[in-house]
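Naming: A, B, ... by sequence-line order, numbering from 1 per chain. The figures here come from the full heavy-atom set of this structure, side chains too, leaving out hydrogens, waters and symmetry mates.
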Amino acid sequence: MRNPSLKYSLIADAYEKIEDTTKRLEMTDHLVKLLKDTPKDVIDKVVYLTQGKLYPDFVGIEIGIAEKLAIRAVARATGYREKEIEEDLRKTGDLGETAQKFSEKRTQVSFFPKPLTVERVYETLDKMAKSTGAGSVDLKLSFLAGLLSDASPKEAKYIIRTVTGSLRLGIADMTVLDALAIAFGGGKETREYLERAYNISSDLGRVTKTVAEKGIESIKRFVVSLGEPIRPMLAERLGSPAEILEKLGGKCIAEYKYDGERIQTHKKGDQITLFSRRLEDITKQYPDGGELIRKHVKAKEAIIEAECVAVDPDTGEMKPFQELMHRRRKYGVKKAMEEYPVSLFMFDALYVDGKDLTLEPYPVRRQHLEKIIEQTDHVKVAEYIITDDPEELERFFEKAVENGCEGLVCKSVNEDSVYQAGARGWLWIKYKRDYKSEMTDTVDLVVVGAFHGRGKRAGTYGALLLAAYDPDEDVFKTVTKCGTGFTDEDLKKLPKMMEKYRIPHRHPRVISTIEADVWFEPIVVIEAIGAEITLSPIHTCAMDIIRKDSGLAIRFPRFTGNYRLDKSA
DNA sequence: TCTGGCTGCCC
DNA sequence: ATTCTGC
DNA sequence: GCAGAATGGGCAGCCAGA
């Protein structure tokens with residue numbers, strides 16, 4: 001028996017072709033060819049690498065290298081200085097490209113490098129992921145530099161991009177599923193089975209290996225299982241009750257959108273497992289949450305979704321998200337539990353006592369949910385109404401906001417309102433105040449700095465550093481970076497527009513702890529919007545006024561598209 | 001022993 | 001998280 | 001409308017170096 005191995009160069013070639021087109025069908029074709037050419041014993045690894053990971057999310061093993069450390073590895077492998085690498089990265093906006101370029105002109109070349117195999121690449125990255133403790137950073141860098149030294153320039157490009165988690169091919173999970181359907185499923189019409197298997201297993205590598213080795217019939221036998229996280233259903237967004245009701249067929253169930261952390265809870269007898277939205281196992285972070293499930297879910301087995309919210313231990317009032325974040329910890333859990341106890345607001349039941357509910361309509365799932373939850377102070381079913389009246393919806397929204405929620409999630413009550421991973425089909429719709437600028441105050445802020453863009457933003461700015469004017473001190477204090485809301489046209493014009501205000505160092509009247517790539521005279525004003533103001537450890541606006549050593553920042557900042565050239569200082 | 005840079009993951 | 005864009 | 005790729009604030013954990 002031969003032991004077939006796949007040269008990494010074949011992957012790099014396929015990636016290059018995929019990257020070269022913007023047409024999804026062509027990308028899929030290239031991926032199909034790669035998957036067909038891949039020996040089945042490594043096909044899961046090829047898929048994980050293409051997802052930019054080594055394991056499915058719920059395994060929780062990360063490489064632990066991102067841009068800064070990767071720069072050091074590239075320098076080490078090519079014999080150039082970090083400064084030179086950084087300088088080139090500024091131009092390319094892609095460390096992979098930079099690695100490719102420096103690999104081509106590197107001084108020392110290994111004489112007879114063995115061709116890289118997928119196994120070698122994967123195993124090296126895996127060793128990096130598993131290195132911990134003193135000296136581990138250096139060890140990781142040695143592993144990576146070694147890999148790069150034996151790689152062709154093109155391979156180096158994709159290894160670097162894989163490690164830093166931005167492959168930028170234009171393909172992700174959904175395209176992989178299409179490719180699997182074509183390559184192994186027997187045609188695109190089998191895509192739905194593959195997608196279903198992925199949604200309930202959350203493991204694209206396993207789905208791939210299964211269909212490649214055992215065929216589509218095995219894929220159809222995937223079932224919802226306790227302990228295996230289900231990919232979460234997400235919501236689209238709209239800005240008015242009328243639009244929402246129209247989209248949902250005139251009627252919906254509207255629920256409070258609590259400002260906490262989404263948790264998928266699995267109960268198997270007394271054994272509880274908690275998964276975050278990205279399917280990390282967070283059981284250990286919430287012993288109290290687990291206990292609430294154990295005690296108040298009156299079913300032997302269940303998968304229930306809930307929003308976990310920090311509450312004031314004295315008043316029972318809900319606390320802001322920022323405070324809940326102190327619970328995302330590994331150490332001092334007991335103390336944090338006392339300081340920030342949590343309540344669970346349940347909103348879905350995906351599995352109850354042997355019955356998979358994911359294909360049932362939402363009202364049915366909700367009925368099951370209410371039947372098995374014993375509601376207490378800390379365990380509640382999410383507050384809701386069922387309505388077909390836009391005004392009632394608006395009133396309920398106001399009430400939600402008054403009660404400390406972000407807004408509403410409005411959900412379809414139709415027959416087809418199954419549990420559908422992702423935000424597809426508009427079955428769930430978010431309604432938040434800041435989706436309409438007339439409902440939230442916009443702010444005019446001064447552009448004081450900028451950051452070089454990456455990927456498709458190469459050569460322009462990725463984000464601007466924005467500041468508020470402080471008339472008392474006659475200075476500009478930062479409140480946020482802002483990198484979304486710009487059209488391609490905005491971005492193309494920005495460097496030219498800002499050029500004449502460009503200065504080599506921070507302006508003396510700009511107060512900032514953040515080091516921008518480019519500084520400007522504080523003159524140009526733009527309009528931005530956000531969801532709310534948060535306390536900030538880094539932004540200098542209102543520093544020490546509300547709280548010692550805290551400034552103010554904007555949560556979810558974005559450019560509205562309006563330049564305030566008239567207002568320019 | 002402390003601190004700051006970096007990373008990953010919540011939103 | 002929000003936003004934009006090619007298909 | 002989907003899928004993907006840009007980008008945000010801010011927290012804790014980890015490790016290197018002062």
Side-chain angles (χ1 to χ4, degrees), chain A residues 21-27 57 60 62-72 93 131-140 164-178 234 236-237 257 259-263 276-280 282 285 307-308 320-333 336 406 422-426 430 432 434-435 451 453-458 460-466 479-491 528-539 550-561:
Chain A
T21 177
T22 54
K23 296 189 173 65
R24 187 149 308 282
L25 295 175
E26 275 179 34
M27 295 176 182
D57 289 326
E62 314 303 330
I63 300 177
I65 298 278
E67 194 173 272
K68 301 290 182 186
L69 292 174
I71 287 172
R72 288 166 59 181
S131 309
T132 57
S136 61
V137 170
D138 197 62
L139 190 58
K140 285 181 197 214
T164 55
S166 49
L167 224 26
R168 300 199 178 104
L169 301 176
I171 57 170
D173 298 358
M174 294 301 123
T175 313
V176 173
L177 287 170
D178 272 340
L234 304 176
E236 287 287 351
R237 293 169 304 158
K257 187 179 190 306
D259 194 8
E261 179 173 6
R262 182 170 176 174
I263 297 187
S276 71
R277 192 183 115 154
R278 293 248 323 250
L279 310 179
E280 301 281 325
I282 51 169
Q285 285 165 30
E307 191 77 9
C308 174
F321 176 76
Q322 227 174 341
E323 301 207 34
L324 177 71
M325 283 299 91
H326 297 302
R327 290 295 308 271
R328 306 194 63 253
R329 59 170 57 245
K330 185 170 163 185
Y331 306 104
V333 173
E406 291 185 280
R424 303 170 52 190
W426 292 82
K430 285 188 273 196
K432 289 168 71 171
D434 56 291
Y435 294 162
F451 302 85
R454 304 288 140 99
K456 62 188 179 188
R457 303 249 179 119
T460 179
Y461 300 134
L464 302 179
L465 182 59
L466 302 180
V479 272
T480 194
K481 290 200 281 176
C482 184
T484 191
F486 302 97
T487 62
D488 286 0
E489 207 191 326
D490 286 325
L491 290 167
I529 193 171
E532 63 182 333
I533 305 292
T534 60
L535 283 171
S536 171
I538 55 168
H539 287 288
S550 282
L552 295 179
I554 298 175
R555 179 144 85 141
F556 312 144
R558 58 266 195 195
F559 176 47
T560 61

Considering residues at least two apart in sequence or located in another chain, which fulfil the salt bridge (charged side-chain N to carboxylate O under 4.0 Å, His left out) criterion with R424(A)? E195(A)
Under the side chain to side chain donor-acceptor pair (under 3.5 Å) test, which residues partner D173(A), sequence neighbours left out? Q51(A), Y198(A)
Output one letter per nucleotide in nucleotides 12-18 of chain D: B when a protein non-hydrogen atom lies under 4.0 Å from the base, S when only the sugar-phosphate is that close, - when neither is. SSSSS--
Distance-only donor-acceptor test (3.5 Å): side chain T484(A), base dT7(D): no
Distance test, side-chain N/O of R277(A) to OP1/OP2 of dA1(C), below 4.0 Å: yes
For F556(A), check ring-ring contact (aromatic ring centres under 6.0 Å, His included) against everything at least two apart and list the hits. none
Counting only side-chain nitrogens and oxygens, does S536(A) get under 4.0 Å of the OP1 or OP2 atom of dG9(D)? no
Could you tell me how far apart F556(A) (CZ) and dT3(C) (P) are, to the nearest whole angstrom? 11 Å
Residue-phosphate contact under 4.0 Å: T480(A) side-chain N/O, dG9(D) OP1/OP2: yes
Phosphate-side-chain proximity, R558(A) and dA1(C), N/O vs OP1/OP2 below 4.0 Å: no
Mind checking what makes salt bridge (charged side-chain N to carboxylate O under 4.0 Å, His left out) contact with R262(A), not counting sequence neighbours? E305(A)
Give a yes or no answer on whether the side chain of E307(A) reaches the backbone of G260(A) with a donor-acceptor pair at less than 3.5 Å. yes
First contact, last contact: which nucleotides of DNA chain B are these for chain A, 5' to 3', heavy-atom distance under 4.0 Å? dC6(B) to dC11(B)
